[in-house]
2 protein chains.
Amino acid sequence: MHILLLISKKTHKPFPIETTENIFEHFEQYIKLSDKLKAELKDKLHVVTFKKGELVLDADQISTKSYFIRKGILRTYFLKDGKEVSEYFCSTNEWINSPRSFMQRKKDIYYIDAIETTEAFSLHVNDLVYLFDHFPEMERYSRLSMGTIFGHLMERITSMRFASAKEKYAHFCETYHDIYHRIPLGMVASYIGITQETLSRIRAEK
Amino acid sequence: MHILLLISKKTHKPFPIETTENIFEHFEQYIKLSDKLKAELKDKLHVVTFKKGELVLDADQISTKSYFIRKGILRTYFLKDGKEVSEYFCSTNEWINSPRSFMQRKKDIYYIDAIETTEAFSLHVNDLVYLFDHFPEMERYSRLSMGTIFGHLMERITSMRFASAKEKYAHFCETYHDIYHRIPLGMVASYIGITQETLSRIRAEK
DNA sequence: CAAAACATTTGACATAAATCAAATAATCAT
DNA sequence: ATGATTATTTGATTTATGTCAAATGTTTTG
């Protein structure tokens, strides 16, 4: 009876397998990973899971861990006039943290929560600093991968400025083509900076 | 006669003094500069000047140089429906290039021009790559300084989404508090994503 | 220094999207 | 499953900002 229950639970939320393959592949898009660095990474990365709706980071905490998502969706948001404003969404093979908080080790306004049940690797900021200090190629990885994100931010700024609500939504769907349909309407609306009602009408007219 | 002419030209556009002090100070906010690295930088940095209104980079060129501004203002913009849209402005002690073009060595949509007569150091992308390859601390500098810019971009995105035209202008003035009054109204309007007329009315009502 | 070119202001009007309010629809917890 | 939350849709109205047009002001150039 108990055993069966356990199995059924496992089926629902399987115990995560420690595969670092995906994350190694991710790094290798930018740098070559030596065996020594691989071993260090394996040592420093830890598997974590978050249930749907779970708060991953509270705004009154310092963000000390970065999460590399294997499955699921996490999101950063902040509060404006008591309402949640989504800042961005992250899914498979992406890193998420509260950037300024993580980099400068101070509090910031951002919360992180789980839009779906999510499996991820966590990396502590202290371990990352250790890696930066001992493996210059990690600095290079950081520089190059930030360049990619940089481009995304610039495009987003452009799309925010001269686009109609409909165009903003279209741009959102492009940016998040893999997951846009898994994000609740209200969160999408605040992400692109329009009201829920307007977004609902845009979706209806198609 | 020729000599006099030459002198008078010089007076108008003085021959720049090769002081690398400011730029060294800038680097030293993030990393320690060894004498060897200083020497390499001195060798690779070149003084350039641009006259007011001069085109620094055309969109049909690849951006192969980054400019560290000593004096003046440069700006990146792109064309939308035949009109210039200002992307950002850079002034004293800031780097400017066409980011994606520079990093990926391909064409992009951005132009760069001089809002004021500007003196700057130029650094060729090939020389920068050389520095990255031989001085890991340059990778670190890049990572850390990008973090700063990252924060600015995030704030800009936030201000674009939920702010009124008036608030957007206020945010622009904050961001560019040193130089906001030196940038023509039309350029400011396209930067914050409102029309010239609206900005003119906002300025008038105070 | 005057004419031309360009930048900013002002006015009248149009419109996309916000706001307020209430009805459905979907999801969650017991 | 069923009632209770929570999310989405729909409708009526308001408002900030855009658009178009023209006047005024400023800078540039021969």
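Only this structure's heavy atoms are used, side chains among them; waters, hydrogens and symmetry mates stay out. Chain naming here is simple, since letters A, B, ... match the order of the sequence lines and numbering starts at 1 in each.
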What residues, two or more places apart in sequence or in another chain, satisfy side chain to side chain contact (heavy atoms under 4.5 Å, CB included) together with [X]?
X	result
T175(B)	H171(B)
A163(B)	E167(B), K168(B)
E197(A)	T195(A), R201(A)

query: dA17(C) P sits how many Å from F162(B) CZ, rounded?
result: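 Computing the F162(B):CZ to dA17(C):P distance gives 14 Å.
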message: Measure CG/L199(B) against P/dT10(C) and give the value in whole Å, please.
response: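 Computing the L199(B):CG to dT10(C):P distance gives 13 Å.
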Is it true that, when you exclude [X] itself, more than 12 heavy atoms of the residues, nucleotides or ligands shown sit nearer than 6.0 Å to its [atom1]?
X	atom1	answer
K52(A)	NZ	no
K107(B)	NZ	no
K83(A)	NZ	no

Nucleotide N/O to protein N/O under 3.5 Å, stretch nucleotides 11-13 of chain C:
{"unit_1": "dG11(C)", "atom_1": "N7", "unit_2": "R201(B)", "atom_2": "NH2", "d": "2.4"}
{"unit_1": "dG11(C)", "atom_1": "O6", "unit_2": "R201(B)", "atom_2": "NH2", "d": "3.2"}

query: Quick one: bend of the helix from dC1(C)-dG30(D) to dT30(C)-dA1(D) from 5 pairs per end, to 10°?
result: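 Answer rounded to 10°: the end axes differ by 60°.
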task: Using the side chain to side chain donor-acceptor pair (under 3.5 Å) rule, collect all pairs that involve residues 55-69 of chain B, keeping only residues at least two apart or in two chains.
output: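 Pairs touching residues 55-69 of chain B that pass the test: S66(B)-N97(B).
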message: Taking side chain to side chain donor-acceptor pair (under 3.5 Å) as the cut-off, I'd like each qualifying pair that reaches into residues 22-32 of chain B, sequence neighbours left out, listed once.
response: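 Applying side chain to side chain donor-acceptor pair (under 3.5 Å) to every pair that reaches into residues 22-32 of chain B, excluding sequence neighbours, yields H26(B)-Y141(B), Y30(B)-T148(B).
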field: Set of salt bridge (charged side-chain N to carboxylate O under 4.0 Å, His left out) partners for R100(B), sequence neighbours left out
entry: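 R100(B): salt bridge (charged side-chain N to carboxylate O under 4.0 Å, His left out) contacts with E155(A), D108(B).
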message: As a test of understanding, state which of Y180(A), F78(A), Y88(A), Y176(A) forms a ring pair (Phe, Tyr, Trp, His ring centres under 6.0 Å) with Y191(A).
response: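 Output: one option passes, namely Y176(A).
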- prompt: salt bridge (charged side-chain N to carboxylate O under 4.0 Å, His left out): which pairs involve residues 179-189 of chain A, sequence neighbours left out?
  reply: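 Residue pairs with at least one partner in residues 179-189 of chain A: E116(A)-R182(A).
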field: Residues within residues 185-195 of chain B bordering DNA chain C, heavy-atom distance below 4.0 Å
entry: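 By residue number: L185(B), G186(B).
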- request: Considering only NZ, NE, NH1 and NH2 on the basic side and carboxylate oxygens on the acidic side, decide whether E119(B) and K71(B) come within less than 4.0 Å.
  value: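 Answer for the salt bridge query: no.
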Do any N or O atoms of the protein come closer than 3.5 Å to N or O atoms of nucleotides 25-28 of chain C, and which pairs are they?
none

Working to the nearest 0.5 angstrom, can you tell me the gap between [X] [atom1] and [Y] [atom2]?
X	Y	atom1	atom2	result
Y77(B)	L57(B)	OH	CG	9.5 Å
T20(B)	L41(B)	OG1	CG	8.5 Å
E87(B)	S190(B)	CD	OG	9.5 Å

task: Extract, from 5' to 3' on DNA chain D, the first and final nucleotides lying under 4.0 angstrom from some heavy atom of chain B.
output: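 Extent of the interface on DNA chain D: dT17(D) to dT28(D).
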- prompt: Between T198(A) and dA17(C), is there a side-chain N or O to OP1/OP2 distance below 4.0 Å?
  reply: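 Answer is no, no contact under 4.0 Å.
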